[in-house]
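Worksheet for the structure shown next.
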Amino acid sequence: MNAITRNEIAQLDAPTVEFTLNGHPVVARATETIIEVADREGVSIPRLCYKEGLDCAGNCRACVVEINGERTLSPSCCRFPTPGMTVTTDSERAQHAQRMVLELLQSDMPEAEYTRHNEVDQWAEELAVGKPRFEPRARVAPDLSHPAIAVNLDACIQCTRCVRACRDEQMNDVIGLALRGNAEKIVFDMDDPMGNSTCVSCGECVQACPTGALMPAREVALTVPDKQVDSVCPYCGVGCQMTYNVKDNKILFVEGRDGPANHGRLCVKGRYGFDYAHHPHRLTVPLIRRADAPKSGDFTMDPTRVMDVFREATWEEALEYAGGKLAEIRDNFGKKALAGFGSAKGSNEEAYLFQKLVRVGFGSNNVDHCTRLCHASSVVALLEGIGSGAVSNPVMDVTKAEVVIVIGANPTVNHPVAATWIKNAVANGTKLIVMDPRRSDLARHAHRFMQFKPDTDVAMLNAMMHVIVEEGLVDKDFIESRTIGFDELRANVAEYTPEKMAPICGIDAETLRYVARLYATSKGSMILWGMGVSQHVHGTDNARCLIALSLMTGQIGRPGTGLHPLRGQNNVQGASDAGLIPMMYPDYQHVSDEKARAGFEKHWKLAPGTLDANPGLTVVEIMDAIDAGTVRGMYIMGENPAMSDPDANHARAALASLDHLVVQDIFLTETAYLADVILPATAFAEKTGTFTNTDRLVQMGRQAIDPPGQAKPDLWIIQEIARRMGLDWQYKHVSEVFDEMRHAMPSIAGITWDRLERDNAVMYPCRKEGDPGEAVVFVEDFPRESGRARFVPADVIPAAERPDTEYPMVLITGRQLEHWHTGSMTRRASMLDALEPDPVALVHPLDLDELGGKPGDVITIESRRGRITLYARADAGSPRGAIFVPFCYYEAAINRLTNAALDPFAKIPEFKYCAIKVSVGGEAPVQTSYGGGQILGAVAGEQGVALKEAALAK
């Protein structure tokens, strides 16, 4: 399997053997199967149960070959060559057996075709198998209970490719083979309908199925695409490569591609979350707010009245109004009166050009994006401790590690394909330690699951460091030669004994000691973390502790070790690299650094002293500055702070009070509803650009379809706004922007556009053209002035708001598998919205019982900042006294409740902890939309009128 790196290494070291294949001498590794050697030599052998990347089963016998001197035929998919062996794949005896297998299977195929690529028919045609002579088996009724996957077991040949894809690749253990003899069949869980099973809808079984027994539950299965376009997934930071299959400018379906991060695998969002691009809610013409339409943070307006709020405009009028008013505010109120939010969903080139516009056109560093709301504290701690905000090792290194710690992250939900590599590593002997207040699905694979009390990360991690120091498990040579500040850290953890910290964090002292020893003494230990670590007022301290654990044990700078903050959005790494943050130019060069400023002034052809030397405002600080009247105008591209910001009521009120708000997006989001001018942009599949995944892998995303109506590429819009603000930019193609980037960013200087077009992906650092890129960094030193990493001690700091008698419970927010970020894309993806259509709160069953409720009841959650109603879902993985709510649902916008208290170092809000009270009852949440989960729909032209009339007719 692709995940088993140890096996791949073993294959490279395996001895070679010489044997004869169809009369020709060949040389192969002893670990290769005959069918693998045949494929390499261009010899065609039929196969059905065999699929590259899956473990061999050898049960279909379509690939049998004749081996000289042996009485029986052998399946070539699971037979290894030996020296001197003579193999014949096309002898009369072998081909007779192959044809018989295919004829028997073909006789059972239904008349109706479920797929364009039925491999039984394909091989039967290649071997000239005639009409089957045997009676077909009884037909099986289809199972259409799943929104995305149709089950047609009358086409099933029981090759078990789906079983192995589910069990061995994705390791979800949903699909099995049950019963015996003639009754044998594929089942889901305990023979449940697929729609009622624990299936996570990754579609790996569909991709593996050779006959259409498992297929997309839509007519696209038999539709022949006009073209196929290789690209990358637009969702999480894993950066899975995939292929769009397009017909008539419409994406039919998506297939996984053999990219470095996914090797063909996808998750439910990557496989089924693409048709949002075709949703009728798409913005198709520029819109300008009507003069008599007041702004309000209240979103209760009837969506059928959208055209009473906005009017259509030409591009020229909209751009003159958008850019001209921004320039007017800058000239009248000063450069600090403007701010910009870029997008981690956009390309590297868009992020780079957007931050350049703010710094050069607006004249300040008031530019930020959603990294402020997810991993800002991780980046601050990493820059401080090791000199780089990027990951040290790719996710795939879990397959080389002996111990893997996953803390404050739920990869099976937020990074599902990355989670498969973790599960594969566990199956091959890696010891997994899961640390989290919530029990995730990954915990069932863990060697130890440490369900610590929310808000006690530092207490738990300091206790582990105490053990490592006191028991002499530190790497003295590494500390002495490659770090500074260890004495201060050692003194700080001296009092954090496991016995003292156990009652605080809820983990017994012996477990703390065992895990500390295990991590410190393994040949390779790796730490991965998520926003459960970063989204606290002590998020930077949490990350400091993880960095210190790695440094004191020397578990960094080698394969299978290191630090990896899992990036949440598809390009949050690239957007940060490109300078879309208020205190850093591209490549993390601080704005206060005179040399860095001079370098960018020269690169951007600016007069000396043009660039602002002061760090700009962060996301939450900008909202406060709007309240204070110091920020009066904003340009927001592809972000939705009205949903994603903490204390969202305050954020909405702030945005509504701006003198001028320009929003550039593909849908009329909650933020766009507050805009003065809305500029319709292109969706992910409608543009070309580069994107950097969580592994530091720069990848090419390619345009697959044309945008609807008058929607324009983001890069074009940014340039047009720049021209209205006095800048003469003349970029003709996205490659020109990338070329400017790489000459300004040493980390990617060696990556050319032509190379990306050819290779699709290059990992940075890549400093010179032709360099392969560095998968593992910090091998010899750290990118700090001294070349040494720095220990930074951390003490326990409580959450800004603790439970009390009035608000006795804790709120934890995050994402769910089927939806992503604020839901503006996934809730308009038909399959994803069908799988999870309603807002839910995950409550421990005992807590729900104490509240007097049951699963499915409406409950009301209230904090000091607001209240929402949504549906209760029993979840034994949630800790007692805490409730988890996804933040993607407009009708239950949970960020109206969250606390805007900030980490003092990273200025990240405390999303993961605030005090709430919960009661059963309240009005059921209502979707005020045209039926896609978001507030407002398409509002342009005839399309908008038709939707308005349809809504009124209801």
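Only a predicted model underlies this, so the values are computations on that prediction, with no experimental measurement involved. Note that the numbering runs from 1 along the sequence shown for the chain. Any value given below was found using the heavy atoms of this structure, including those in side chains, with hydrogens, waters and symmetry copies removed.
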Inset, instruction - Indicate the atoms forming the closest heavy-atom contact of Ile622 with Ala339, along with that distance. - result: CD1-CB, 3.7 Å
Legend entry - Closest contact, heavy atoms only, Ala841 versus Ile883: CB-CG2, 3.9 Å
Inset, instruction - With sequence neighbours excluded, give me every salt bridge (Lys or Arg N to Asp or Glu O under 4.0 Å) pair touching residues 815-825. - result: none
Legend entry - Note: Arg880-Glu850 ion pair, threshold 4.0 Å (strictly below): yes
Inset, instruction - Measure from the ring center of His819 to the ring center of Tyr889 and say whether it is less than 6.0 Å. - result: yes
Inset, instruction - Taking atom types as modelled, find out whether Trp529 and Ser378 have a side-chain donor-acceptor pair closer than 3.5 angstrom. - result: yes
Inset, instruction - Just say parallel, tilted or perpendicular for the rings of Tyr673 and Phe310, cut-offs at 30° and 60°. - result: perpendicular
Legend entry - Side-chain donor or acceptor of Asn895 paired with backbone N/O of Met643 under 3.5 Å: yes
Legend entry - Contact check, side chains of Leu848 and Pro855, non-hydrogen atoms, under 4.5 Å: yes
Inset, instruction - Name all residues meeting the side chain to side chain contact (heavy atoms under 4.5 Å, CB included) criterion together with Leu851; count only those two or more places apart in sequence or in a different chain, and write none if there are none. - result: Val918, Val920
Legend entry - Tyr276 and Ile666, any side-chain heavy atoms less than 4.5 Å apart: yes
Inset, instruction - Quick one: do His447 and Tyr514 satisfy ring pair (Phe, Tyr, Trp, His ring centres under 6.0 Å)? Show the steps, please. - result: CA-CA 11 Å; His447 178 67; Tyr514 173 78; 5.7 Å; yes
Legend entry - Leu382 vs Leu563 side-chain heavy atoms within contact, under 4.5 Å: yes
Legend entry - Test side-chain hydrogen bond (donor to acceptor under 3.5 Å, both in side chains) applied to Asn542 and Thr540, step by step: CA-CA 5 Å; Asn542 292 345; Thr540 302; over 6 Å; no
Inset, instruction - Would you confirm whether Gln573, through its side chain, and Thr694, through its main-chain N or O, come within 3.5 Å as a donor-acceptor pair? - result: no
Legend entry - Note: Arg439-Asp875 ion pair, threshold 4.0 Å (strictly below): no
Legend entry - Charged tip of Arg828 within 45° of Phe667 ring normal and under 6.0 Å: yes
Inset, instruction - Could you tell me whether the side chain of Thr669 and the main chain of Ala672 form a donor-acceptor pair under 3.5 Å? - result: yes
Legend entry - Donor-acceptor pair, side chain of Arg865 and main chain of Ala900, under 3.5 angstrom: no
Legend entry - Contacts of Arg289 that satisfy side-chain hydrogen bond (donor to acceptor under 3.5 Å, both in side chains) - sequence neighbours left out: none
Inset, instruction - Would you confirm whether the ring centroid of His536 sits within less than 6.0 angstrom of the ring centroid of Phe911? - result: no
Inset, instruction - Go through the structure and list residues passing side chain to side chain contact (heavy atoms under 4.5 Å, CB included) with Pro615, not counting sequence neighbours. - result: Met583, His590, Val591
Legend entry - Inter- and intrachain pairs under salt bridge (Lys or Arg N to Asp or Glu O under 4.0 Å), touching residues 444-462, at least two apart: Asp173-Arg444, Asp441-Arg444, Asp455-Arg802
Inset, instruction - Please name all residues satisfying side chain to side chain contact (heavy atoms under 4.5 Å, CB included) with Asn571, sequence neighbours left out, ordered by chain then number. - result: Asn348, Phe691, Thr692
Legend entry - Asp189 versus Thr198, side-chain donor and acceptor atoms under 3.5 Å: yes
Inset, instruction - Take Asn410 and His415 through the test side-chain hydrogen bond (donor to acceptor under 3.5 Å, both in side chains) and record every step on the way to the result. - result: CA-CA 8 Å; Asn410 188 358; His415 305 87; over 6 Å; no
Inset, instruction - Mind listing the closest non-hydrogen atom pair of Pro839 and Pro925 along with its distance? - result: CG-CG, 3.7 Å
Legend entry - Within-4.5 Å side-chain heavy-atom neighbours: Cys236 and Lys269: no
Legend entry - Nearest heavy atoms of Arg372 and Ala906, plus distance in Å: NH1-O, 3.0 Å
Inset, instruction - Identify whether the distance between the nearest side-chain nitrogen and carboxylate oxygen of Lys907 and Glu621 falls below 4.0 Å. - result: yes
Legend entry - side-chain hydrogen bond (donor to acceptor under 3.5 Å, both in side chains) between His821 and Ser644, intermediate numbers included: CA-CA 8 Å; His821 208 52; Ser644 61; 4.6 Å; no
Inset, instruction - Take Arg652 and Glu670 through the test salt bridge (charged side-chain N to carboxylate O under 4.0 Å, His left out) and record every step on the way to the result. - result: CA-CA 9 Å; Arg652 294 173 181 185; Glu670 292 76 20; over 6 Å; no
Legend entry - Glu862 bridged to Arg896 by N-O distance under 4.0 Å: no
Inset, instruction - Step through the shown structure and confirm whether more than 12 heavy atoms of other residues, nucleotides or ligands are within 6.0 Å of CD on Glu923. - result: no
Legend entry - Side chains of Ile861 and Met809 in contact at under 4.5 Å (non-hydrogen atoms): no
Inset, instruction - Using a cut-off of 6.0 Å, state whether more than 12 heavy atoms not belonging to Arg864 lie near its atom CZ. - result: yes
